[in-house]
Amino acid sequence: MTSSDEDILITDEIKPNENRKSSDNSIIHSDDENQPSGAECLARCKQFAEITGTDTALAMFYLQDNKWDLQKGLDKYLRATNNQESKIVACFDVETLDNDERKCSKRQKTSSSSSECSENQSKSNIVCEESTDEEETKNEHFKLLSWNIDGLDKSNLESRTLGVAQKIKNENPDIVFLQEVIEQSEKILSSHLASKYAFTSSNYNENTSKSSPFGYYTLILAKKKTCDIKSKNVIWFENSKMGRNLLKVDLSYLKNVKVCAMTAHLESTAEFSKQRIDQLKRCFEEMVDQDNDSVVFFGGDLNLRDSELSAIGGLPEKIYDMWESTGSRKECLYTWDCLRNTNLKMNGKYKPRCRFDRLYYRPLISKSNRDKSTKTELTLMPVYFELEGLEKLKSCGRFCSDHWAIQSYCQLESNLAI
């Protein structure tokens with residue numbers, strides 16, 4: 001995970017005499033003499049990260065919850081970790097990240113260029129990643145990012161969508177799944193990303209002349225330098241009361257790996273559990289039906305409860321949860337986390353924390369099950385999973401969305417029997 005210093009909330013930009021709430025719903029007065037400046041907040045984030053060996057995103061969580069009191073934030077962190085040596089960061093546990101994952105991630109580079117980045121990041125085990133053309137051509141790993149960008153929330157829509165665009169630029173994923181997109185947010189994203197990414201929308205299906213009746217929809221973005229789109233399709237859920245569908249794009253990655261990428265925003269709220277379960281089954285069926293020589297990725301804001309997955313007998317054979325496949329790190333468990341994400345104001349003590357957003361994959365079916373060709377096949381295997389969008393934007397004092405983004409790294413490997 002990369003955390004940009006520019007994305008961290010600068011608290012002295014809040015208007016005079018304006019009150020706001022912290023993530024624990026306590027009132028913070030902007031004219032409080034003890035409230036530090038934006039520069040001081042950033043300095044304390046870096047200091048927290050250096051002392052704990054974590055990162056500025058996690059530091060921001062603890063410091064904001066403790067009104068930027070460094071000692072109180074450190075005390076709360078140490079209590080949460082029981083004074084253990086293991087260094088927990090906002091998206092993963094550094095001590096449990098195995099050597100293979102470290103090698104696969106560009107964030108673990110030990111080249112001399114890392115020294116040039118050290119001034120702008122915390123002193124953790126992760127080093128910064130530059131998004132240059134030279135870096136892109138190396139293709140050390142494939143990255144897939146999924147995010148419900150909350151386009152239905154009109155408050156600070158432009159600022160938040162610009163934050164999404166900047167995060168995508170910074171992370172440089174090969175494929176992006178976006179949910180809850182509206183036309184206004186798509187225009188903003190397109191103006192900043194269309195030169196680099198090919199946009200495919202579920203808002204209109206040329207075969208049926210059908211568009212989203214609710215005004216929000218999904219997008220798939222494919223990086224032009226690494227992905228070549230072959231076909232696209234929108235599969236509408238006939239049982240949906242909310243205009244939901246499955247967006248599907250077939251493409252080639254690096255010209256020699258066939259990929260089927262699918263995203264959906266399944267029916268929302270507990271009331272529509274039956275519809276959501278049926279939609280999930282339809283999505284899994286579509287994954288299973290894809291060509292055996294394709295790697296299949298499916299994900300998005302599925303609004304899924306674990307009991308609903310159990311109700312259909314769990315995952316189908318040879319379909320895997322990418323969070324589970326990369327270690328099930330608890331720091332990445334909750335993607336709709338009202339305890340930490342304050343975009344939605346929740347009255348009362350209970351703050352829901354849910355894993356609504358998920359990513360699934362189906363590897364290539366073993367060549368031995370198909371033919372005896374001696375040609376080497378390449379596949380993509382998940383090695384790493386993280387949360388993104390954890391920083392408040394200084395432009396509006398809010399997060400980009402009420403959902404965290406989820407991002408997985410995959411390693412390009414020779415196909416093995418599964």
Side-chain angles (χ1 to χ4, degrees), residues 1-2 91-92 96-109 126 129 131 135-147 167-168 170-178 197-198 220-230 248-263 287 290-300 315 318-329 332 335 357-367 376-388 404-418:
M1 180 195 72
T2 57
C91 62
F92 64 93
T96 62
L97 186 62
D98 64 39
N99 291 331
D100 288 340
E101 292 179 9
R102 293 170 189 260
K103 183 178 180 181
C104 292
S105 174
K106 286 183 181 180
R107 304 176 190 281
Q108 307 302 321
K109 288 185 292 185
I126 302 174
E129 174 181 356
S131 178
E135 291 271 345
E136 289 180 15
T137 59
K138 293 181 181 179
N139 296 308
E140 293 180 11
H141 52 247
F142 167 95
K143 293 171 70 174
L144 170 63
L145 182 145
S146 180
W147 205 351
K167 178 59 68 176
I168 292 173
N170 291 346
E171 291 302 315
N172 196 32
D174 295 280
I175 296 177
V176 181
F177 295 160
L178 297 178
Y197 287 91
I220 292 180
L221 280 58
K223 192 196 298 182
K224 295 177 180 179
K225 284 193 174 183
T226 59
C227 300
D228 182 17
I229 294 178
K230 303 299 183 181
K248 174 186 171 186
V249 171
D250 291 299
L251 56 86
S252 63
Y253 173 66
L254 300 182
K255 302 187 183 300
N256 57 11
V257 181
K258 290 178 64 176
V259 173
C260 176
M262 302 189 295
T263 189
M287 290 186 75
Q290 298 311 301
D291 293 341
N292 288 345
D293 59 351
S294 291
V295 181
V296 185
F297 295 104
F298 162 64
L315 293 175
K318 296 179 181 177
I319 291 179
Y320 303 91
D321 185 314
M322 297 178 77
W323 172 70
E324 293 178 351
S325 296
T326 54
S328 302
R329 287 184 289 272
C332 306
T335 67
D357 306 82
R358 305 192 184 198
L359 287 171
Y360 296 106
Y361 80 103
R362 192 212 70 184
L364 291 181
I365 303 301
S366 174
K367 181 182 292 186
T376 301
E377 282 184 316
L378 295 176
T379 190
L380 294 165
M381 297 299 291
V383 294
Y384 183 69
F385 191 97
E386 65 183 355
L387 301 179
E388 285 293 348
W404 304 138
I406 54 177
Q407 182 167 243
S408 183
Y409 292 61
C410 293
Q411 182 71 11
L412 191 64
E413 298 178 356
S414 296
N415 189 30
L416 300 174
I418 60 172

Query raised in the report: Which value, rounded to the nearest 0.5 Å, describes the distance between L387 atom CG and Q407 atom CD?
Result: 10.5 Å
Query raised in the report: So which heavy atom on T263 is nearest to which on G299, and how close?
Result: OG1-O, 2.8 Å
Query raised in the report: Hey, what do you get for CG (L144) to CG (L359), rounding to the nearest 0.5 Å?
Result: 5.0 Å
Requested in this report: State the CD1-CE distance between I406 and M322, to the nearest 0.5 angstrom.
Outcome: 9.0 Å
Report task. Compare all side-chain heavy atoms of C260 with those of F297 and state whether any distance is below 4.5 angstrom. Result -> no
Query raised in the report: T379 versus M381: any side-chain heavy-atom pair under 4.5 Å?
Result: yes
Query raised in the report: How about P173 and Y197: do any of their side-chain heavy atoms sit closer than 4.5 Å?
Result: yes
Requested in this report: Measure the spacing between CG of L254 and CG of L412 and express it to the nearest 0.5 Å.
Outcome: 6.5 Å
Query - Side-chain heavy-atom pair S325, Y361 within 4.5 angstrom cut-off - result: yes
Query raised in the report: Does the pair V249 and I220 meet the rule for a side chain to side chain contact (heavy atoms under 4.5 Å, CB included), with working shown?
Result: CA-CA 8 Å; V249 171; I220 292 180; 3.9 Å; yes
Query raised in the report: Does the side chain of K167 come within less than 4.5 Å of W147's, by heavy atoms?
Result: yes
Query raised in the report: Are the side chain of R362 and the backbone of S294 linked by a donor-acceptor contact shorter than 3.5 Å?
Result: yes
Query raised in the report: How about K248 and Q290: does a side-chain donor come under 3.5 Å of a side-chain acceptor?
Result: yes
Query raised in the report: Taking atom OG of S146 and atom CD1 of I175, what is their separation to the nearest 0.5 Å?
Result: 11.5 Å
Query raised in the report: Is it true that K258 and D291 have a side-chain N and a carboxylate O under 4.0 angstrom from each other?
Result: yes
Query - Nearest atoms (heavy-atom pairs only) where S252 meets K230 - result: OG-CE, 3.7 Å
Query - side chain to side chain donor-acceptor pair (under 3.5 Å) against S408, all qualifying residues, sequence neighbours excluded - result: none
**Report entry** Salt-bridge contact K223-D174 (side-chain N to carboxylate O under 4.0 Å)
**Finding:** yes
Report summary line: The ring pair (Phe, Tyr, Trp, His ring centres under 6.0 Å) partners of F298 (sequence neighbours excluded) come to none
Query raised in the report: For D357, does its backbone N or O pair with a side-chain atom of T335 as donor and acceptor, under 3.5 Å?
Result: yes
Report summary line: Scanning both residues in full, the closest heavy-atom pair of K143 with N172 reads CD-O, 4.4 Å
**Report entry** Spatial distance of atom OH (Y409) from atom CG (L145) [nearest 0.5 Å]
**Finding:** 9.5 Å
Requested in this report: Compare all side-chain heavy atoms of E388 with those of W404 and state whether any distance is below 4.5 angstrom.
Outcome: no
Query raised in the report: Does a side-chain heavy-atom distance below 4.5 Å link R329 with Y384?
Result: yes
**Report entry** Minimum side-chain heavy-atom gap I168-N170 below 4.5 Å
**Finding:** no
Requested in this report: Could you walk me through whether M262 and V296 pass side chain to side chain contact (heavy atoms under 4.5 Å, CB included), step by step?
Outcome: CA-CA 8 Å; M262 302 189 295; V296 185; 4.0 Å; yes
Requested in this report: Using the side chain to side chain contact (heavy atoms under 4.5 Å, CB included) rule, take H141 and V383 through it: C-alpha gap first, then chi angles, then the decisive distance, then the call.
Outcome: CA-CA 9 Å; H141 52 247; V383 294; 5.9 Å; no
Query - Shortest non-hydrogen contact between V259 and L380, atoms and distance - result: CG2-CD1, 4.1 Å
